[in-house]
Trainee: 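Can you keep this structure in mind? I'll have questions shortly.
In this chain, numbering begins with 1 at the start of the sequence shown. The shown structure was predicted, so the numbers you read here are calculated from the model rather than taken from an experiment. Just follow the structure's listing: the first ligand is 1, and inside any ligand the first atom is 1.
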Amino acid sequence: MNKTIKQIIEKAKGENRTLLTEIEAKQVFKEAGLQVTDTRLAVNKKDAQTMSAEMGYPVVIKIVSPDIVHKTEANGVKLNLKTPAEVGAAFDEIMASAKEKFPKANIHGVAVQGMAKSGLEIIIGMTKDAQFGPVLMFGLGGIFVEVMKDVSFGITPITKRDAGEMIHSIKGFPLLNGFRGTPKIDVANLESWLLKLSDFAQTYPEIKEFDLNPIFAYAQGAMVVDARIILQ
Ligand code: ADP
Ligand code: MG
């Protein structure tokens, strides 16, 4: 049991929230041993600009609201911002469309984060089965998951061997294995993440579901770019 994780969960519960913000969820997964984009909350435009300069351009800013689950749908994600002026304009646009599309949403501000170097998009999720408890899902991101439904499942707790099987059994595995000149992905790292997430799901029964969508996977390591956690 990790103290920071417990505190984040308790805080959300205390505020009667079931959705953790992206910032909270990333903090949780960082504590659980995954690599996440450094992400900070800015409560106004000036704050967002100061933080962007501190983090170094290019940056990404995203809406932070416990009432908005899909940020892109709210026009709440702006990528690859390179100057204070771009950050300011993106902040104004995000706030204007959030107010228009979700007039009742409680808005905490925006999440400022570094622009992650692109990699192979992976998704890992967890849902609870009435009979089997936490079940992990692994798949490729983007159209592969949405159109092909090319995913694999593992009932927790999983073994190292299960983790390896989850990764190798998807149809798109050749894409992880160096396909037409794309780099070979660090599969051992993804296996270790599945094992950590299996432990994590077992340790915190108050978590109902989570998804890491996307993770950018590289020849060495990987980076969580977006994370969502829903409590019971
Ligand atoms: P949503 O809530 O709509 O899922 P995401 O945070 O996943 O929003 O952002 C949408 C897309 O923007 C991601 O799928 C990813 O391709 C890209 N993206 C988000 N954050 C970053 C980042 N820090 N660096 C690079 N690309 C990002
Ligand atoms: Mg996402």
Trainee: Apply the test side-chain contact (heavy atoms from CB on, under 4.5 Å) to residues M126 and D211: give CA-CA distance (whole Å), side-chain angles for both, the deciding distance (0.1 Å), then the verdict.
Mentor: CA-CA 6 Å; M126 185 279 285; D211 61 71; over 6 Å; no
Trainee: In terms of hydrophobic clustering (I, L, V, M, F, W, Y; side-chain heavy atoms under 4.5 Å; direct or indirect links), are I63 and V77 co-clustered?
Mentor: no
Trainee: Are more than 12 heavy atoms, taken from residues, nucleotides or ligands other than K30, located less than 6.0 Å from that residue's NZ atom?
Mentor: no
Trainee: Give me the residue, atom name and distance of the protein heavy atom closest to atom 16 (O) of ligand 1.
Mentor: E121 OE2, 3.7 Å
Trainee: I'd like to check atom 11 (C) of ligand 1 in this structure: does the protein have a heavy atom lying under 4.0 Å from it?
Mentor: no
Trainee: Which of the listed options, D38, T72, I61, holds the heavy atom that is closest to atom 3 (O) of ligand 1?
Mentor: T72
Trainee: Applying a 4.0 Å heavy-atom criterion (strictly less than), which segment of V60 is in contact with ligand 1: side chain, backbone, both, or neither?
Mentor: side chain
Trainee: Under a single-linkage definition using a 4.5 Å side-chain heavy-atom cutoff for Ile, Leu, Val, Met, Phe, Trp and Tyr, are V64 and L212 assigned to the same hydrophobic cluster?
Mentor: no
Trainee: For atom 25 (C) of ligand 1, grab the closest protein heavy atom and report residue, atom and distance to one decimal in Å.
Mentor: A116 N, 3.5 Å
Trainee: Test your reading of the structure: does G114 have an N or O sitting under 3.5 Å from an N or O of ligand 1?
Mentor: yes
Trainee: Who's the nearest protein heavy-atom neighbour of atom 21 (C) of ligand 1, and how far?
Mentor: V225 CG1, 3.1 Å
Trainee: So, the side chain of S169 versus the backbone of E165: is there a donor-acceptor pair under 3.5 Å, distance only?
Mentor: yes
Trainee: Of all the non-hydrogen atoms in the protein, which one sits nearest to atom 13 (C) of ligand 1, and at what distance?
Mentor: P214 CD, 3.7 Å
Trainee: Check each atom of ligand 1 against the heavy atoms of M115 and keep those under 4.0 Å away; list them by number with element.
Mentor: 24 (N), 25 (C)
Trainee: Hey, which atoms in ligand 1 end up nearer than 4.0 Å to a heavy atom of V77?
Mentor: 8 (O), 9 (O)
Trainee: Looking only at protein heavy atoms, which one is nearest to atom 18 (N) of ligand 1, and how far off is it?
Mentor: L79 CD2, 3.4 Å
Trainee: Residue-level breakdown please: for K71 versus ligand 1, do any non-hydrogen atoms fall below 4.0 Å on the side chain, on the backbone, on both, or on neither?
Mentor: both
Trainee: Tell me the closest heavy-atom pair linking A217 and A222, and the distance in Å.
Mentor: CA-CB, 3.9 Å
Trainee: Which word best sums up how the rings of F29 and F200 line up, parallel for under 30°, tilted for 30 to 60°, or perpendicular for over 60°?
Mentor: tilted
Trainee: Just so I know, are the side chains of N189 and Y218 near enough to count as touching, which here means a heavy-atom distance under 4.5 Å?
Mentor: no
Trainee: At what distance is the nearest protein heavy atom to atom 5 (P) of ligand 1, and which residue and atom is it?
Mentor: D226 OD2, 3.4 Å
Trainee: Starting from the Mg ion (ligand 2), look over the N/O/S atoms of D226 and name the nearest one.
Mentor: OD2
Trainee: Honestly curious: do F173 and I215 fall in one hydrophobic cluster under the side-chain, below-4.5 Å linking rule?
Mentor: yes
Trainee: Quick check: does N213 have an N/O/S atom under 2.8 Å of the Mg ion (ligand 2)?
Mentor: yes
Trainee: Should I61 and L79 be counted in the same cluster of Ile, Leu, Val, Met, Phe, Trp and Tyr side chains packed under 4.5 Å apart?
Mentor: no
Trainee: Do L190 and F216 share a hydrophobic cluster, counting only Ile, Leu, Val, Met, Phe, Trp and Tyr and linking them when any side-chain heavy atoms are less than 4.5 Å apart?
Mentor: no
Trainee: Tell me which one of K62, Q113, K26 gets a heavy atom nearest to atom 6 (O) of ligand 1.
Mentor: K62
Trainee: Considering only heavy atoms of N213, which atoms of ligand 1 have at least one such atom less than 4.0 Å away?
Mentor: 7 (O)
Trainee: Please identify which atoms of ligand 1 are closer than 4.0 Å to at least one heavy atom of R228.
Mentor: 2 (O)
